[in-house]
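For the numbers below, each heavy atom of this structure counts, side chains included, while hydrogens, waters and symmetry mates do not.
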Amino acid sequence: MTRLVYARPQKPSGVDVPAHLVITMPFYDLPSDIKRFFGKNGIWWGTWKSPQTKNGFDTILIIKEIVDETNVLVVYAVPEYPPWYITEGSHETKAQFLKKPNGRTSLLFRYEPFGYTMECWFEKGILKGAVHMRFMSAYVELRPLSLDH
């Protein structure tokens, strides 16, 4: 007899969705390349990694409100992570969608723990993010976060 065992959904470690957060559903008539950044509920999570360092830390990115085809409000939450000089907290900031010359739509916003611009985009159906700093680059693959975990 074969028994199927399903892995429990993973969840971020050391960081939570901020309490009392109001997320606004996107307008139905937004282009699909913009709407896909919202996903199922606007909440994504992943683990930051860098080729220059070992390990990394989990983060949560929330698409709080897609205002229009260009502007969006995002919230991101990070844990305390001393190796990268990251202080625990959540940050709300304005972001923008930008259509690249290659046709790819990117989401750009200031990623305060690093003080640099973060870029997010879809590649083969996966939401990816990157921050390029003076002496280090960091990358993250984000996946939807279910709130019933």
Sequence neighbours left out, what passes salt bridge (Lys or Arg N to Asp or Glu O under 4.0 Å) with K100? Give chain and number order.
-> E119

Any chance you could measure [X], atom [atom1], to [Y], atom [atom2], to the nearest 0.5 Å?
{"X": "F97", "Y": "T105", "atom1": "CZ", "atom2": "OG1", "answer": "8.5 Å"}
{"X": "Y116", "Y": "M136", "atom1": "OH", "atom2": "CE", "answer": "10.0 Å"}
{"X": "K128", "Y": "L142", "atom1": "NZ", "atom2": "CG", "answer": "11.0 Å"}
{"X": "M25", "Y": "N41", "atom1": "CE", "atom2": "CG", "answer": "9.0 Å"}
{"X": "F109", "Y": "M118", "atom1": "CZ", "atom2": "CE", "answer": "4.5 Å"}

Test of understanding: with side chain to side chain contact (heavy atoms under 4.5 Å, CB included), list the residues that count as partners of [X], not counting sequence neighbours.
{"X": "K94", "answer": "L73"}
{"X": "R36", "answer": "F122"}
{"X": "Q96", "answer": "T70, N71"}

[Y] and [X], any side-chain heavy atoms less than 4.5 Å apart:
{"X": "L107", "Y": "L127", "result": "no"}
{"X": "V17", "Y": "I62", "result": "yes"}
{"X": "C120", "Y": "L61", "result": "yes"}
{"X": "V74", "Y": "T93", "result": "yes"}
{"X": "I60", "Y": "I43", "result": "yes"}
{"X": "P26", "Y": "I34", "result": "no"}

Please check if the side chain of W44 supplies one atom and the backbone of F37 the other of a donor-acceptor pair under 3.5 Å.
->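 Present.
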
Backbone of S137 reached by a side-chain donor or acceptor of S50 within 3.5 Å | yes

Co-members of the apolar cluster containing L108 [side chain, <4.5 Å] | L98

Heavy-atom pair of closest approach, residues [X] and [Y]:
{"X": "A77", "Y": "T59", "value": "O-OG1, 2.9 Å"}
{"X": "R110", "Y": "Y76", "value": "O-OH, 3.2 Å"}
{"X": "P79", "Y": "F57", "value": "CD-CD1, 3.7 Å"}

For F38, what residues pass the ring-ring contact (aromatic ring centres under 6.0 Å, His included) criterion, not counting sequence neighbours?
->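 Scan of F38 (ring-ring contact (aromatic ring centres under 6.0 Å, His included), adjacent residues dropped) gives none.
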
Residue list, ring-ring contact (aromatic ring centres under 6.0 Å, His included) with Y139, at least two apart or on another chain =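 For Y139 the ring-ring contact (aromatic ring centres under 6.0 Å, His included) partners, ignoring immediate neighbours, are H132.
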
Examine W121 and V131 and state if one hydrophobic cluster contains both, with Ile, Leu, Val, Met, Phe, Trp and Tyr joined whenever side-chain heavy atoms are less than 4.5 Å apart.
-> no

Does K99 have any side-chain hydrogen bond (donor to acceptor under 3.5 Å, both in side chains) partners at least two apart in sequence or in another chain, and if so, which?
-> D33

For T47, the side-chain hydrogen bond (donor to acceptor under 3.5 Å, both in side chains) test, sequence neighbours excluded, returns D58

Salt bridge (Lys or Arg N to Asp or Glu O under 4.0 Å) partners of residues 59-73, not counting sequence neighbours, each pair once | K64-E92

